[in-house]
Amino acid sequence: MDSDQGKLLFVGFSWATNEEKLNNYFQGYGEVVQVVAMRDKMSRKPRGFGFIVFSDPDNFDMVVHDEHVIDGRTVRFAFGV
DNA sequence: GTTGAGCGTT
């Protein structure tokens with residue numbers, strides 16, 4: 001409720017999309033506190049999913065309620081646990 | 001070298 005909230009899960013972006021690209025894209029919405037793109041633990045290959053943390057909760061509402069397309073792929077957003 | 005739903009690391 002007021003501890004780890006601020007973590008937003010985003011999945012669906014292209015495998016060619018990098019953490020830096022996401023950081024740049026999300027910075028346009030507000031102050032990005034944390035952006036991390038997860039990859040496979042065995043082959044180190046990008047899985048196309050990651051987490052993001054914004055400085056203000058209003059950013060989550062805006063991003064989650066809007067559709068985003070990065071690198072030509074539709075990114076699906078959800079609230080992190 | 002490939003694929004396309006999902007919940008991670010300081």
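These numbers come from a predicted model, not from an experiment. Values below: every heavy atom of this structure, side chains too, minus hydrogens, waters and symmetry copies. The sequence lines fix the lettering, A, B, ..., with proteins before strands; numbering per chain opens at 1.
- B:dG6 atom P lies 17 Å from atom CG of A:Leu8, rounded to whole Å.
- A:Phe49 places its CZ atom 11 Å from the C1' atom of B:dT9, with the value rounded to the nearest Å.
- Between the CG atom of A:Asp71 and the P atom of B:dG4 there is a distance of 18 Å, rounded to whole Å.
- Distance CG (A:Leu9) to P (B:dG6): 11 Å, rounded to an integer number of Å.
- Looking at which nucleotide of DNA chain B each of A:Lys45 and A:Met38 is closest to, the 5′-most match is held by A:Lys45.
- Rounded to an integer number of Å, the gap from A:Asp40 CG to B:dT2 C1' is 13 Å.
- Atom-to-atom, CD1 of A:Ile52 to P of B:dG6 comes out at 21 Å; the value is rounded to the nearest Å.
- Here A:Gly50 lies out of heavy-atom contact (under 4.0 Å) with every strand.
- If you chain together hydrophobic residues whose side chains sit under 4.5 Å apart, A:Val35 and A:Phe51 never meet in one group.
- Annotation: the span from A:His65 atom NE2 to A:Asp61 atom CG amounts to 5.0 Å, rounded to 0.5 Å.
- Here A:Phe10 lies out of heavy-atom contact (under 4.0 Å) with every strand.
- Listed pair A:Arg76 / B:dG6 meets the phosphate criterion, a side-chain N or O lying under 4.0 Å from OP1 or OP2.
- With B:dG8, B:dT3, B:dG6 as the candidates, the nucleotide lying closest to the side chain of A:Arg47 is B:dG6.
- Nucleotide B:dA5 holds its P atom 21 Å from the CZ atom of A:Arg39, rounded to whole Å.
- Hydrophobic clustering (side-chain heavy atoms under 4.5 Å, transitive across Ile, Leu, Val, Met, Phe, Trp, Tyr) groups A:Tyr29 together with A:Val75.
- A:Leu8 and A:Val11 are assigned to two separate hydrophobic clusters, defined by single-linkage of ILVMFWY side chains at heavy-atom distances under 4.5 Å.
- For A:Phe13 and B:dG4, the ring-to-base geometry does not satisfy the stacking test (centroid distance below 5.5 Å, interplanar angle below 30°).
- Residue A:Ala16 is the one, among A:Ala16 and A:Ala78, whose nearest nucleotide of DNA chain B lies closer to the 5' end (criterion: closest heavy atom).
- A straight line from NZ of A:Lys7 to P of B:dT10 spans 14 Å, rounded to a whole angstrom.
- Between A:Phe26 and A:Phe10, the ring centre distance stays below 6.0 Å.
- At a threshold of 4.0 angstrom between heavy atoms, the contacts of A:Ser14 include nucleobase atoms, whether or not backbone atoms are also involved.
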